[in-house]
Protein chains: 2
Amino acid sequence: MSQRNTGVTVDVRDEVAGSGSDDGLDGCPVREVLERVGGKWSIQIIIATSNGPIRFTELERSIEGISRRMLTLTLRSLERDGLLIRTVYPTVPPKVEYMVTDTARELYASFLTLMDWARRHRSTIAAARKAYDCAARVELANR
Amino acid sequence: MSQRNTGVTVDVRDEVAGSGSDDGLDGCPVREVLERVGGKWSIQIIIATSNGPIRFTELERSIEGISRRMLTLTLRSLERDGLLIRTVYPTVPPKVEYMVTDTARELYASFLTLMDWARRHRSTIAAARKAYDCAARVELANR
DNA sequence: CGGCATCCCCCAGGATACTG
DNA sequence: CAGTATCCTGGGGGATGCCG
């Protein structure tokens, strides 16, 4: 199972296709990645915790738009996968801190590459989109 | 264990929080990335097209589990963003080929980093998950 | 062959309210 | 403060059928 990869060019076709296997596609890295960072809040939480231990309410405030419910759920999920460590201080009122693990830190680092991609191509994509929509509109008018 | 950590601090907080701005969070790279690769099929399609021009039906066959509908929809979306180029050969029966653009190629390269992360930590995560679930079960029994 | 159109279902995720 | 619990909705995505 834990075979080391060799280079950058991996022919992922086989892994994507999933071959004859039937079950949960556990061996497909694409799915694995998507299941972890695919949600709406996972990476945002990882990012927010990357600056050091942070409390529940602080997280809630720093991640704009997140609901209490999703914060809790996503935190649990991340903790379960060993990406976050939850520390409870039995004081009153209660105090709970979350901090990232090294695994999560690496994930974040990798994700930065993607964010950089987004930043670099933002304008290109916006342009392509406008062109596409424009062409579609023209085409529609000509029918 | 509650001491402030000093490590890899990149302060993305502002971008995540969105600061004083109000609108559609267009400036947030996290969202941008997620909107592009967050879906179930986008990267898989990009991967499948990375080996050279490929036809619709070939794609359908090589990406296991995808429906005709989602294939079409995702292809359109990718084309719209300038990640794929669609070429129609007006033959009969029709022939359509899809090929990746450089932008998509770069995206793929970045995504490889994430897949590599998944591969490297697969076992660690699986272990963490088992431990967590086990602890939860014990805790539940003790109540 | 390479698609749209239509119907339908499921669940990620929001809103709100209650508690140790 | 840091959560649960419950209810409810939107839209991502599957299945199926028709068509140039």
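Naming: A, B, ... by sequence-line order, numbering from 1 per chain. These numbers were taken from a predicted model, which means no experiment stands behind them. Basis for what follows: all heavy atoms, side chains included, without hydrogens, waters or symmetry-related copies.
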Show me the donor-acceptor pairs within less than 3.5 Å that the side chains of residues 109-116 of chain A make with the rest of the protein, sequence neighbours left out.
residue  : atom : partner  : partner atom : Å
A/Ser110 : OG   : A/Glu106 : O            : 3.1
A/Thr113 : OG1  : A/Ser110 : O            : 3.0
A/Asp116 : OD2  : A/Arg120 : NH1          : 2.9

Are any side-chain N or O atoms of [X] and backbone N or O atoms of [Y], one a donor and one an acceptor, separated by less than 3.5 Å?
{"X": "B/Thr103", "Y": "B/Leu83", "value": "no"}
{"X": "A/Thr49", "Y": "A/Val100", "value": "no"}
{"X": "B/Trp41", "Y": "B/Ile63", "value": "no"}

Axis deviation across the helix from C/dC1-D/dG20 to C/dG20-D/dC1, five-pair ends, to the nearest 10°:
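Roughly 50°, once rounded to the nearest ten degrees.
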Rounded interatomic separation in angstrom, taking [atom1] from [X] and [atom2] from [N]:
{"X": "A/Leu73", "N": "C/dA12", "atom1": "CG", "atom2": "P", "result": "9 Å"}
{"X": "B/Leu71", "N": "C/dC4", "atom1": "CG", "atom2": "C1'", "result": "13 Å"}
{"X": "B/Lys95", "N": "C/dG2", "atom1": "NZ", "atom2": "P", "result": "9 Å"}
{"X": "B/Ile54", "N": "C/dG2", "atom1": "CD1", "atom2": "C1'", "result": "14 Å"}
{"X": "B/Leu34", "N": "C/dA12", "atom1": "CG", "atom2": "P", "result": "15 Å"}

Side chain to side chain contact (heavy atoms under 4.5 Å, CB included) partners of B/Glu97, counting only residues at least two apart:
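With neighbours one apart ignored, the set is B/Pro53, B/Arg55, B/Tyr89, B/Lys95.
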Qualifying residues under side chain to side chain contact (heavy atoms under 4.5 Å, CB included), relative to B/Lys130, sequence neighbours excluded:
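Listed in chain order: nothing, the list is empty.
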Shoot me the first and last contacting nucleotide of DNA chain D against chain A, ordered 5' to 3', at under 4.0 angstrom to non-hydrogen atoms.
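Extent of the interface on DNA chain D: D/dC1 to D/dT6.
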Which residues satisfy the salt bridge (charged side-chain N to carboxylate O under 4.0 Å, His left out) test with A/Glu60, sequence neighbours excluded?
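Result, salt bridge (charged side-chain N to carboxylate O under 4.0 Å, His left out) vs A/Glu60: A/Arg68.
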Could you list the residues that satisfy salt bridge (charged side-chain N to carboxylate O under 4.0 Å, His left out) with B/Asp133, not counting sequence neighbours?
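Salt bridge (charged side-chain N to carboxylate O under 4.0 Å, His left out) list for B/Asp133, sorted by chain: A/Arg80.
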Report each atom pair, protein N/O against N/O of nucleotides 14-18 of chain C, whose distance is under 3.5 angstrom.
residue : atom : partner : partner atom : Å
C/dG14  : OP1  : A/Lys40 : NZ           : 3.2
C/dG14  : OP2  : A/Trp41 : NE1          : 3.4
C/dG14  : OP2  : A/Ser67 : OG           : 3.4
C/dG14  : O6   : A/Arg69 : NE           : 3.0

Check which hydrophobic residues are tied to B/Val92 through side-chain heavy-atom contacts below 4.5 Å, counting indirect links as well, and list them.
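Once heavy-atom contacts under 4.5 Å are chained together, B/Val92 still belongs with nothing else.
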In the hydrophobic clustering (ILVMFWY, side-chain contacts below 4.5 Å, transitive), which residues join B/Met99, or is it alone?
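When side chains under 4.5 Å apart are linked, the cluster holding B/Met99 also contains B/Ile85.
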If you compare all heavy atoms of A/Ser62 against all heavy atoms of A/Ala48, which two are closest, and at what distance to 0.1 Å?
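Closest approach of A/Ser62 to A/Ala48, heavy atoms only: OG-CB, 4.0 Å.
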Interface residues of residues 80-91 of chain B with DNA chain C (non-hydrogen, below 4.0 angstrom)
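Within residues 80-91 of chain B, the residues near DNA chain C are B/Arg86.
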Using heavy-atom distances to pick each residue's nearest nucleotide on DNA chain C, tell me which of A/Gly39 and A/Pro94 is more 5'.
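It is A/Gly39 whose nearest nucleotide is closer to the 5' end.
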Remember a base hit wins even if backbone is also touched, and classify B/Thr72 as base, sugar-phosphate or nothing at under 4.0 Å, heavy atoms.
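Sugar-phosphate contact only - B/Thr72 comes under 4.0 Å of backbone atoms but never of a base.
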Residue pairs fulfilling salt bridge (charged side-chain N to carboxylate O under 4.0 Å, His left out) with at least one residue in residues 81-94 of chain A, sequence neighbours excluded:
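Sorted pair list: A/Arg36-A/Asp81, A/Asp81-B/Arg129.
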With a 4.5 Å cut-off on side-chain heavy-atom distances among I, L, V, M, F, W and Y, is there a chain of contacts connecting A/Ile125 to B/Leu73?
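Yes.
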